[in-house]
Every structure is written in C-alpha cells, then in structure tokens.
Amino acid sequence: MPPPRNRRPGPTNLQGTPPHRITLLGSVLDGRHPGRREPAELTVFKSTGHAALDVAAAAVVHDAARAHGMGTTLEM
C-alpha cells in the first residue's frame, strides 16, 4: 500500500523533522558535516534495517572514538 500523500518517504519517526536538521552519518564521518558542535546537541542514528550496515557503522564509530580517547568502557 502506498504511503499517504501528506507523508514524505522515510522513517515515520523522523516525519516532520526539517530537512536542514538531518545529516547522513557518512557526511559526518567523511568530514563534509561537522556533526555535533556543542554538548547540548543530540546525535541520533536511524538504522535503515540492514544489519550489516549497522555493524559496519558501529565499527567505524567505535574505532574513531577509541583513536581519539573518547567513550567509556563498561564492565558487563
């Protein structure tokens, strides 16, 4: 069934978000977008449902965080 006419394509939980507020993760990782500029800004990763891409994205973010001495290690 096609989406309602008043809805843009994409995740329903991001509907109504102004396009200038959304940046692709790849644009942040390759330096085309600065990402968060201050601690009060929020980063949300919206998975597209492809598990292999989710794992690859997590690995890139994890490696970059470790390389910059960022993050917190949790004992489980």
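- Applying the salt bridge (Lys or Arg N to Asp or Glu O under 4.0 Å) test to residues at least two apart or on different chains, the pairs with a partner in residues 14-30 are D30-R32.
- Side-chain atoms of H68 never come within 3.5 Å of backbone atoms of M70 as a donor-acceptor pair (strictly under, hydrogens ignored).
- Annotation for E41 and R36: closest pair O-NH1, 3.0 Å, computed over non-hydrogen atoms.
- When the side-chain hydrogen bond (donor to acceptor under 3.5 Å, both in side chains) test is applied to D63, no partner is found at least two apart in sequence or on another chain.
- Counted within 6.0 Å of CD on E38, heavy atoms from surrounding residues, nucleotides or ligands total more than 12; the atom is thus considered enclosed.
- In terms of the side-chain hydrogen bond (donor to acceptor under 3.5 Å, both in side chains) criterion, H62 has no residue partners (sequence neighbours excluded).
- The two residues R37 and P34 come nearest to each other via the heavy atoms NH1-CG, 3.1 Å.
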